[in-house]
Amino acid sequence: MINKFEKYVFTITAIVIMLFVFSLVYARSGKRADVPDCLPYDKAYTIPAVKQIDSNLYQVYAVAQMWQFQPSEIYVPVGSTVDFFVTSKDVVHGFNIYDKNVNMMAVYGNINKTTVKFDKPGVYKITCHEYCGVGHQNMQAEVIVNYPDAKNN
Ligand code: CUA
């Protein structure tokens with residue numbers, strides 16, 4: 001037997017869930033937002049790397065761990081499209097690229113992927129925005145777009 005108040009709460013809950021589902025669908029199709037993909041786990045992605053796939057396509061295997069990102073400096077030419085494959089070696093970290101509307105989680109045992117185009121030269125900060133311990137505020141890396149002595153380490 002449910003009372004009036006419970007019925008009310010159920011109704012509100014159902015409406016909120018429908019709104020949530022609708023906004024996801026809308027963001028994905030209507031707004032063409034790039035919702036990150038979750039890929040099958042593959043150990044290859046746990047080794048930090050910057051790979052050039054063709055003249056303007058790069059892949060970055062970004063590995064978060066307490067309290068750093070690797071690679072910490074990613075050099076690409078202007079106009080590059082970069083696929084980021086993000087994972088963690090320990091706890092949950094965040095992966096936020098300043099100015100690029102990238103807001104991802106780095107999770108142990110998971111690979112999250114997103115694609116970013118860098119049309120303007122500059123230094124794009126990557127920061128951890130998920131509290132992960134005493135060194136949290138030091139966790140950052142950089143995407144360096146179009147520096148003449150571009151070199152990946
Ligand atoms: Cu990693 Cu906060």
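For reference, positions follow the sequence shown, starting with 1. Counting starts at 1 for both ligands and their atoms, in listed order.
With sequence neighbours left out, the side chain to side chain donor-acceptor pair (under 3.5 Å) criterion links E142 to K125. N110 is linked by a side chain to side chain donor-acceptor pair (under 3.5 Å) to nothing, counting only residues two or more places apart in sequence or in another chain.
Proximity of V143 to V116: side-chain heavy atoms (C-beta onward) are nowhere separated by under 4.5 Å.
Between Y124 and F118, the ring-plane angle classifies as perpendicular under the 30° and 60° cut-offs.
Y98 forms part of no hydrophobic cluster, judged by ILVMFWY side-chain heavy-atom separations under 4.5 Å.
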With side chain to side chain contact (heavy atoms under 4.5 Å, CB included) as the criterion, how do Y58 and I74 come out once you've worked through the C-alpha distance, each side chain's angles and the decisive distance to 0.1 Å? CA-CA 10 Å; Y58 288 78; I74 299 155; over 6 Å; no
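Any protein N/O/S atom under 2.8 Å from atom 1 (Cu) of ligand 1 was counted, giving 4 altogether.
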